[in-house]
Amino acid sequence: RIGILSHGELSGLIYRETDSRPWRTLLPLANRRATLRPIGFDSPNNRIFVAGLTEQKRWTIFPMSPADGTMGEPLLADPEYDILPDHFIPSIDGHPLAAPIFSPKKDALIGVRYGTDAPRVKWFDRDLAREQAAIDRAAPNTVNLLVDMSHDGKRKLWYAFSDQNPGRYFLADTEKR
């Protein structure tokens with residue numbers, strides 16, 4: 001469990017292992033604007049994820065240890081583009097083009113949507129990487145975004161768009177293939 005603290009321009013992060021354990025401060029309240037922000041928790045792997053700056057001053061996603069608050073290596077980085085920008089996150093039809101993707105079933109980070117010269121996604125889940133490839137083959141010449149899924153992960157809502165197509169939604173059911 002994590003708690004995100006905020007007070008005006010100040011932000012922080014607290015953590016506790018179980019309901020019966022006390023909260024511990026991992027990041028005390030401080031002005032972290034333009035340096036670091038919490039974005040989620042991966043329960044099965046017991047990792048916190050934060051958006052922060054790389055050495056090249058590009059925003060990306062880092063794992064953080066709940067044991068001591070140390071940050072690991074970036075999960076994904078680009079020397080020219082922000083993976084998870086601090087400001088102005090472009091969107092299409094209300095769907096952010098730069099965002100972490102969490103699975104409700106797995107309660108884990110399964111991918112990251114980001115932009116370079118075009119919208120992209122990096123899947124950390126092999127099954128979803130295969131599903132993305134199948135969707136891309138079925139709907140070629142479009143950017144295909146996973147925008148929602150059922151809690152059990154069997155039904156997924158995709159949004160397909162391009163510079164020639166304003167977009168359409170379709171439902172993929174992995175049980176009915």
Side-chain angles (χ1 to χ4, degrees), residues 1-15 24-103 106-133 135-136 141-148 158-163 167:
R1 295 174 168 36
I2 64 169
I4 299 172
L5 309 171
S6 69
H7 183 73
E9 294 290 318
L10 307 177
S11 67
L13 187 69
I14 56 177
Y15 169 79
R24 289 186 302 114
T25 300
L26 290 180
L27 297 173
L29 275 174
N31 188 341
R32 291 187 174 76
R33 189 173 168 93
T35 60
L36 186 74
R37 67 184 189 279
I39 59 168
F41 186 66
D42 185 329
S43 294
N45 299 305
N46 199 33
R47 295 188 301 178
I48 297 168
F49 292 104
V50 296
L53 292 171
T54 64
E55 291 177 5
Q56 294 83 19
K57 302 295 183 205
R58 295 292 174 201
W59 282 95
T60 194
I61 187 168
F62 293 89
M64 177 184 277
S65 167
D68 58 13
T70 58
M71 288 182 16
E73 291 297 313
L75 297 182
L76 178 65
D78 188 288
E80 294 183 41
Y81 297 94
D82 291 324
I83 302 300
L84 293 175
D86 188 36
H87 299 293
F88 181 69
I89 297 174
S91 65
I92 182 129
D93 205 37
H95 306 294
L97 296 176
I101 304 167
F102 288 89
S103 165
K106 297 178 181 181
D107 199 21
L109 179 72
I110 56 172
V112 176
R113 201 177 302 144
Y114 65 103
T116 58
D117 58 332
R120 304 188 187 286
V121 65
K122 167 68 175 167
W123 292 111
F124 304 118
D125 181 290
R126 288 183 188 160
D127 293 335
L128 272 165
R130 282 192 290 271
E131 285 182 48
Q132 177 81 54
I135 293 293
D136 290 344
N141 304 317
T142 58
V143 175
N144 302 302
L145 301 177
L146 174 64
V147 296
D148 204 358
W158 294 83
Y159 183 69
F161 70 95
S162 73
D163 60 340

Looking at [X] and [Y], what are the two nearest heavy atoms and their distance?
| X | Y | result |
| --- | --- | --- |
| Leu26 | Pro66 | CD2-O, 3.4 Å |
| Phe62 | Pro74 | CE2-CG, 3.4 Å |
| Leu128 | Asp125 | N-OD1, 2.9 Å |
| Gly12 | Leu29 | N-CD2, 3.9 Å |
| Phe41 | Phe102 | O-CE2, 3.7 Å |
| Ala98 | Ile89 | O-CG2, 3.4 Å |

Next on the checklist: So, using salt bridge (Lys or Arg N to Asp or Glu O under 4.0 Å) as the criterion, who are the partners of Arg24 when residues are at least two apart?
Outcome noted: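 In terms of salt bridge (Lys or Arg N to Asp or Glu O under 4.0 Å), with neighbours along the sequence ignored, Arg24 is linked to no residue.
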
By side chain to side chain contact (heavy atoms under 4.5 Å, CB included), which residues pair with [X], not counting sequence neighbours?
| X | value |
| --- | --- |
| Thr70 | Ser65, Asp68 |
| Phe161 | Ile92, Leu97, Pro119, Val143, Leu145, Tyr159 |
| Glu73 | none |

Once you round to the nearest 0.5 Å, how far does [atom1] of [X] lie from [atom2] of [Y]?
| X | Y | atom1 | atom2 | answer |
| --- | --- | --- | --- | --- |
| Leu27 | Ile48 | CG | CD1 | 8.0 Å |
| Ile61 | Ile39 | CD1 | CD1 | 3.0 Å |
| Arg47 | Leu109 | CZ | CG | 7.5 Å |
| Lys122 | Leu75 | NZ | CG | 9.5 Å |

Next on the checklist: Could you check whether any side-chain N or O of Gln132 sits under 3.5 Å from a backbone N or O of Asn144, counting only pairs where one atom can act as donor and the other as acceptor?
Outcome noted: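 Between the backbone of Asn144 and the side chain of Gln132 there is a qualifying donor-acceptor contact (under 3.5 Å).
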
Could you pull out all donor-acceptor pairs under 3.5 Å where a side-chain atom in residues 77-88 meets a protein atom, sequence neighbours excluded?
unit_1 : atom_1 : unit_2 : atom_2 : d
Asp78  : OD1    : Glu80  : N      : 2.7
Asp78  : OD1    : Tyr81  : N      : 3.0
Asp82  : OD1    : Trp59  : N      : 2.8

Ignoring hydrogens and angles, write down the donor-acceptor pairs under 3.5 Å from the side chains of residues 2-9, residues two or more places apart or on other chains.
none

Next on the checklist: Take a 6.0 Å sphere around CG of Asn141 and say whether it holds more than 12 heavy atoms from other residues, nucleotides or ligands.
Outcome noted: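 No, not enclosed.
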
Checklist entry - How about Arg113 and Pro96: do any of their side-chain heavy atoms sit closer than 4.5 Å? => result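 A side-chain contact under 4.5 Å exists here.
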
Next on the checklist: When you compare the side chain of Met64 with that of Leu13, does any pair of heavy atoms fall below 4.5 Å?
Outcome noted: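 Contact flag for Leu13/Met64 side chains = yes.
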
Checklist entry - Which residue, Trp123, Phe49, Phe124, forms the side chain to side chain contact (heavy atoms under 4.5 Å, CB included) with Val112? => result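 With Val112 as partner, Trp123, Phe49, Phe124 yield a single side chain to side chain contact (heavy atoms under 4.5 Å, CB included), made by Phe124.
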
